J.: 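Dropping the structure in here first, questions after.
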There are 2 protein chains.
Amino acid sequence: MNDVSPFKAATLHDVAKAAGVSLITASRALGNPGVVSAKTIEKVQAAVESTGYIPNLLAGGLKSKRSLMVGGIVPALSVSQFLPTVQALTTELAAAGYQLILGQTAYDAEREESVLNAMIGRQPDGIVITGLVQSQRARDRLRRSGIPVVETWDLSDRPIDMVVGFSHLKVGGALGGYFLGKGWKRIGIASGDDHRARMRRDGFQTTIGRELPTAFVPAPSSLELGRRALGQLLETDPELAAICCSSDQLAHGVIVEALARGLRVPQDLAICGFGNADFGAHTVPSISTVHVDGAEIGRLAAQLIVARCRGEAVAQPVIDVGFRIVERQST
Amino acid sequence: MNDVSPFKAATLHDVAKAAGVSLITASRALGNPGVVSAKTIEKVQAAVESTGYIPNLLAGGLKSKRSLMVGGIVPALSVSQFLPTVQALTTELAAAGYQLILGQTAYDAEREESVLNAMIGRQPDGIVITGLVQSQRARDRLRRSGIPVVETWDLSDRPIDMVVGFSHLKVGGALGGYFLGKGWKRIGIASGDDHRARMRRDGFQTTIGRELPTAFVPAPSSLELGRRALGQLLETDPELAAICCSSDQLAHGVIVEALARGLRVPQDLAICGFGNADFGAHTVPSISTVHVDGAEIGRLAAQLIVARCRGEAVAQPVIDVGFRIVERQST
DNA sequence: CTGTTAGCGCTTTCAG
DNA sequence: CTGAAAGCGCTAACAG
C-alpha cells in the first residue's frame, strides 16, 4: 500500500459487478430503495461495504441537475453577526443532505460579482446571501440563472427571489423612539460604514429629528474601533449623554473606553449596541442591544431553498423575522 | 420573461457555435489560451459575452479530476479561534480559483465521519480540518481517498498527510513555566472539555508538578461559562491566586466575574487566556494570553493544498507555526 | 422489480 | 494551431 491512492476509488460500476446486478439497479438500491427488492438492496449494500464505495456526487449532479450544494455568501466570516446564520444554515442544510460552499465578498461589489460567478459555475441548488445584492448586473445574472436565491438580514419588496430578514430602517426608528423616551438630548452615533448600519442610522436620525454627530468606522467593527470612536465623538461633543452603536462589539469598546475615562455607564453616558452578541449579557455593565434571531434567519433560508428544490411552491417569499430591543444595564 | 429561467443556461456548445469554432477550440480558448490564436480567443470571448456563458465546473471537474473545491471542517463556526483560519483559507483558496465547502462536526466523532463522507463524495481537491482526525477508520478512509489532507491547529509525527499547527502540550508547558516564574502557588484551571484544551491542561499540570483544581466547561466556551467557572473554582478553593483559562472568552468571563465579586485583577487574582482574541487587548484589565497565528495556519494550509494540486512535491509536510505568550494587565 | 440506452457539459486523448 | 472521437460516473427515460 502506497502513499498514492493504492487503487482507483470504487465506482458504482464496481459495486454493481460485485453485487452481480446491473449498474442502474445498484444506483436505485442506493438512491431510490423503494423500487428495489429487499434482497437486492442487501446485496448492493454488502458490495458497497466491501468496495468502500463513496458515490461521486459531482457525476450524479451533472445528470440529475441537483448538485446538493448551496452557496453561502457573507462579507467576511469574522462579521460575527452573521455567524449564527451561517452556522444554522450549514447545519440545517447538512440535515437535508446539502453542503454549503462559502464565499466572502469583503464588502466589495467587485468581489461580490466574482464570488457569484464562481458559485454559479458550481451549479448550486440555491444561494443564500447576507444582505441585498447591490449591483443590478449581479441581480439580473442571478435571476436569469434560475437558481433559488435567498437574500437575508434585510428586507425588500422586490427581492431577487426570496428574502428573510428585517427592516434596518425600522430598527433605527425603534431605537430613536427608545432614546427619545429616555429623554436624552445630546446623542451620538458610532456606526460601521456598511450599507445596513447606515440604514439603521438613517432611521434613527429620522425619528430623533435631526443630524447627529457620528463616528464612522470601517466594517467589520470591533472593540478597538469602539474605543476610538468614543474618543472621536467626545471631541465633537464632550457633553454627550448617550451613544447609539451599530454593533455590540462597538458598544463594548465604547463602554470600556468610557469606564477608562472615568465616566459612569449609564449615569454619565448611556450606550446601546446592536446584534445581541452573547458576551453582551455578561459584561459589566451589561449591554443594551437589539436582538435579531440570526440562527432563525439561517434555518428559514435553508428551508426555503430545500422547499424550492423539492419543487414545492413557496407561499411567502418575503419573511420578516422582526427584532426587539433588549434593555440592560448600559442604558 | 418568467420566474423560471427564461432559456437554458448557455453551454460551451452555444459559445462555440456563436464563435464559429469547434467545441474544443472554444474550451481551449478559455482554459488554455496559450495554444490558440489570438484572433480565435477574441471571437470566443465575444461569444462568451453575448451568450452570458458561465462554465459548468462540475462537468469540467468530472473529466479533469479537478473539482476546484476544497473541504474545510471545523467543530463549529462559532468557535471563534478558528475563524481567522477559515477566513484566510477561504480567501487564499479563492485567489487560486478554489472554493471552500464547509463542514461542521459539533465536536462529535460520528458527525465527523458523516461530514467527511459527504466531502469525499464531492471530490474535493483537498481537505483542511481543524485538529487531528481522531477516529482511525476516518484516518484510513481519508488516506485511501488519495485526497491531499491538511490537519491544523495541532501537531503530529504521523499526520494523515500534512499538518500545520503547534504543540498544545508545549503551550501548556510554557504557561506552567510562566505561572511558576510568577511565584503563584494556588492555581486553578478553567478549561473547555475538548481534546486540545485538555492537552494544554496536561502540559500545564506536568510543568506545575501536580493536579490542579479544574472547572471543565463544555466546548465551545464563552464569557458566560467563564463566569460560572470562576464560581465553581472559588468554591473548591476560595484562596486561588491565579487561573489559567483555555480561551480568552473564558478568561474574559472569569475577569468579569472576579471584578463583580470585588476581587482585584491581577492583584487578588491573576488570569490568563488563550487564543489572543481581538477584544483581549482592549478589555480592562487587558487579558494576558497565548498568541497563535490562526490566519497564517489558514494561508499555509491553502498553499500546501494548492501546491499538491499542481503536482509539486511538498518538502515540509509538518509545519510548526509556534506560539508566544502575550503578557498584559490580567497577570 | 430489473435492464438497456442515451447523454449531462466538459476535457482528455489522438489526429490532422 | 485546430478538430473528431471518446468518455469521466452517474441517473432519467423508456422498455421489458
Side-chain angles (χ1 to χ4, degrees), chain A residues 5 7-44 47-48 51-69 97 120-125 145-146 311, chain B residues 5 7-44 47-48 51-69 97 120-125 145-146 311:
Chain A
S5 58
F7 28 76
K8 258 172 104 321
T11 74
L12 193 53
H13 182 88
D14 304 322
V15 173
K17 211 158 55 177
V21 297
S22 78
L23 187 68
I24 185 63
T25 300
S27 169
R28 282 198 277 248
L30 266 28
N32 191 7
V35 303
V36 179
S37 78
K39 212 189 290 179
T40 306
I41 293 178
E42 217 168 299
K43 278 191 296 183
V44 171
V48 166
T51 55
Y53 171 70
I54 299 180
N56 181 334
L57 298 171
L58 260 45
L62 184 58
K63 182 71 192 175
S64 66
K65 304 282 177 202
R66 282 177 289 105
S67 64
L68 296 177
M69 298 190 298
I120 294 175
R122 277 160 181 112
Q123 320 291 125
D125 294 335
S145 75
Chain B
S5 57
F7 30 74
K8 259 171 106 319
T11 74
L12 192 53
H13 182 86
D14 304 322
V15 173
K17 212 159 50 178
V21 298
S22 77
L23 185 68
I24 183 58
T25 301
S27 169
R28 283 198 275 248
L30 266 28
N32 192 6
V35 302
V36 179
S37 77
K39 212 189 291 180
T40 305
I41 293 179
E42 216 169 299
K43 278 192 296 183
V44 171
V48 167
T51 54
Y53 170 68
I54 299 180
N56 181 334
L57 298 171
L58 260 46
L62 182 57
K63 183 72 192 177
S64 68
K65 305 281 180 206
R66 281 177 291 105
S67 64
L68 297 178
M69 297 191 298
I120 294 175
R122 280 167 179 105
Q123 319 293 127
D125 295 335
S145 74

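Just so it is clear, the structure is predicted and the values come from calculations on it, not from any experiment. Because only heavy atoms are used, hydrogens play no part in the values below, and waters and symmetry mates are left out as well, while side chains stay in. First the proteins, then the strands, lettered A, B, ... as listed; each starts at 1.
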J.: Could you note down all residue pairs passing side chain to side chain donor-acceptor pair (under 3.5 Å) where residues 32-42 of chain A supplies at least one of them, sequence neighbours left out?
T.: A:Ser37-A:Thr40
J.: Bend angle of the helix from C:dC1-D:dG16 to C:dG16-D:dC1 from five-pair axes at both ends, rounded to 10°?
T.: 30°
J.: Could you give the distance from OG1 (B:Thr25) to CG (B:Leu30), rounded to the nearest 0.5 Å?
T.: 11.5 Å
J.: Under 3.5 Å, which donor-acceptor pairs do the side chains of residues 52-65 of chain B form with other protein atoms, sequence neighbours left out?
T.:
residue	atom	partner	partner atom	Å
B:Asn56	OD1	B:Leu58	N	2.9
B:Asn56	OD1	B:Ala59	N	3.1
B:Ser64	OG	B:Gly60	O	2.9
B:Ser64	OG	B:Arg66	N	3.4

J.: With a non-hydrogen cut-off below 4.0 angstrom, is A:Val36 in contact with a base, only sugar-phosphate, or nothing?
T.: sugar-phosphate
J.: Which atoms form the tightest heavy-atom contact between B:Ala29 and B:Val36, and what is the distance?
T.: N-CG2, 3.8 Å
J.: State, to 0.1 Å, how close A:Ser67 and A:Gln123 come at their nearest heavy-atom pair, and which atoms those are.
T.: OG-O, 2.7 Å
J.: Between which nucleotides of DNA chain C, 5' to 3', does chain B make heavy-atom contacts below 4.0 Å?
T.: C:dG9 to C:dT12
J.: Would you give a per-nucleotide map of nucleotides 10-16 of chain D, 5' to 3', where B means the base has a protein non-hydrogen atom under 4.0 Å away, S means only the sugar-phosphate does, and - means neither?
T.: BBBB---
J.: Please report the closest heavy-atom contact between A:Arg122 and A:Met69, naming both atoms and the distance.
T.: O-CE, 3.5 Å
J.: Sequence neighbours excluded and cut-off under 3.5 Å, please list the side-chain donor-acceptor pairs for residues 11-20 of chain A, or say none.
T.:
residue	atom	partner	partner atom	Å
A:Thr11	OG1	A:His13	N	3.1
A:Asp14	OD2	A:Thr11	N	2.8

